[in-house]
Amino acid sequence: MDIVSRLSLVVKDCPDFPRKGILFKDIMPIFNDPELVKDTCQSLVDKILGFEKPDVIVGIEARGFLIGPIMAQQLKAKFVPIRKKGKLPRECHSVKYEKEYGFDEFDIQVDALNKGDKVVIVDDLLATGGTLEAAKMLCDKSEAEVIAHCVIFELEFLNGREKLNDTPVISLVRYN
């Protein structure tokens, strides 16, 4: 069975979570199957290498932390976290952004990325694009070059790619 079919079988739909009208895709069952985790990360890495080898994988809190370090290890790249406001010590760049069900704020440590670093931003899901757009803005503040956004799932009907302009988006499972 291919990776898309395997992922589609284990993801659980959670209607009205975290609020009414939202259909949340719960990816946590993926992590009950170590082989599926490995294969998911390897499939994403293979797609990334179709563009260019990154210097850094940037993982977005919290689900980007689940697959990002594994992917960074497979790519022999550095891993850098983007965290919610106030969770990182030392000086940080910050950005406030709108997501599908409210506003949030992210931080990245000012010395986490170097000028010119080739970065792939990793998260579990592309919905409206606000979260990935905010992560790119933080990378831009460090003068790093975002070469791709990488997600397991994409909700195409929300048109999140439009917010990401010309930056390529890698996704495994797409929902229309």
*So, for Q74 and K38, which heavy atoms are closest and what is the spacing to 0.1 Å?*
NE2-O, 4.1 Å
*asked:* When you group the ILVMFWY residues by side-chain heavy-atom contacts below 4.5 Å and let the links chain together, are L138 and I147 in the same group?
replied: no
*Within 6.0 angstrom of Q73 CD, more than 12 heavy atoms from elsewhere*: no
_Pair E61-L88, side-chain contact (heavy atoms from CB on, under 4.5 Å): steps then yes or no_ = CA-CA 12 Å; E61 186 171 344; L88 289 170; over 6 Å; no
*asked:* Side chains of F17 and I22, heavy atoms from C-beta outward: is any pair under 4.5 Å?
replied: no
*Less than 4.5 Å apart, any side-chain heavy atom of I170 and any of V120?*
no
*Can you tell me how far the NZ atom of K163 sits from the CD atom of E98, to the nearest 0.5 Å?*
6.0 Å
_Quick check against the 3.5 Å criterion: does E156 have a side-chain atom that pairs as donor or acceptor with the backbone of R174?_
no
*Write down the atom of V169, the atom of E154, and the distance for their closest heavy-atom approach.*
CG1-OE1, 4.2 Å
*Decide salt bridge (charged side-chain N to carboxylate O under 4.0 Å, His left out) for K118 and E145; before the verdict, give the C-alpha distance in whole Å, the side-chain angles of both, and the deciding distance to 0.1 Å.*
CA-CA 5 Å; K118 295 188 182 314; E145 178 190 354; 3.0 Å; yes
_For P81 against I108, the heavy-atom pair lying closest together_ = O-CG1, 4.0 Å
*Side-chain heavy atoms under 4.5 angstrom apart, residues restricted to Ile, Leu, Val, Met, Phe, Trp, Tyr: same cluster for I121 and L172?*
no
_Check: C150 and K47 side chains under 4.5 Å, non-hydrogen atoms_ = no
*Polar side-chain atom of D107 near backbone of K85 as donor-acceptor pair, under 3.5 Å*: no
*How about I60 and D124: do any of their side-chain heavy atoms sit closer than 4.5 Å?*
no
_Using every non-hydrogen atom in the two residues, find where A134 and F106 come nearest and quote the distance to one decimal._
CB-CD1, 4.3 Å
_Looking at every non-hydrogen atom in both residues, tell me the closest pair between V58 and F79 and how far apart they are._
C-CE1, 4.5 Å
*side-chain contact (heavy atoms from CB on, under 4.5 Å) assessment of F65 paired with R83*: CA-CA 10 Å; F65 293 2; R83 302 230 35 211; 3.8 Å; yes
*Is any side-chain heavy atom of E133 closer than 4.5 Å to a side-chain heavy atom of L164?*
yes
*asked:* Closer than 3.5 angstrom, by distance alone: can the side chain of N165 be matched with the main-chain N or O of T167 as a donor-acceptor pair?
replied: no
_Between CG on residue L66 and CZ on residue F31, distance to nearest 0.5 Å_ = 4.0 Å
_Checking the side chain of K141 only, and the main-chain atoms of V110 only, is there a donor and an acceptor separated by less than 3.5 Å?_
no
_Less than 4.5 Å apart, side chain to side chain, heavy atoms only: is that true for D111 and R90?_
yes
*If you measure from CE on M28 to CZ on R63, what distance do you get to the nearest 0.5 Å?*
7.0 Å
*With rounding to the nearest 0.5 Å, note down the distance linking CG in D117 to CD in E143.*
11.0 Å
*Spacing of SG belonging to C92 relative to NZ belonging to K87, to within rounding of 0.5 Å*: 13.0 Å
*Would you please test H149 and R161 for side-chain contact (heavy atoms from CB on, under 4.5 Å) and show each step?*
CA-CA 10 Å; H149 297 282; R161 284 180 186 242; over 6 Å; no
*If you draw a 6.0 Å radius around NZ in K53, do more than 12 non-hydrogen atoms from other residues or ligands fall strictly inside?*
yes
*Row check, Y175 ring normal vs K25 NZ/CZ: under 6.0 Å, within 45°*: yes
*Would a hydrophobic clustering, with Ile, Leu, Val, Met, Phe, Trp and Tyr connected at side-chain separations under 4.5 Å, put V4 with V45?*
yes
*Should L23 and L155 be counted in the same cluster of Ile, Leu, Val, Met, Phe, Trp and Tyr side chains packed under 4.5 Å apart?*
no
*Can you find a pair of side-chain heavy atoms, one from L126 and one from S171, that are under 4.5 Å apart?*
no
*Out of curiosity, T40 OG1 to I30 CD1, how far, rounded to the nearest 0.5 Å?*
5.5 Å
*With hydrophobic residues grouped by side-chain heavy-atom distances under 4.5 Å, do V119 and I57 end up in a single group?*
no
*Evaluate the side-chain proximity of I27 to V10: yes if any heavy-atom separation is below 4.5 Å, no if none is.*
no
_Heavy-atom closest pair, residues G64 and P69_ = O-CD, 3.9 Å
*Of the options V173, D46, L44, L36, which is the one that meets I3 in a side-chain contact (heavy atoms from CB on, under 4.5 Å)?*
L36
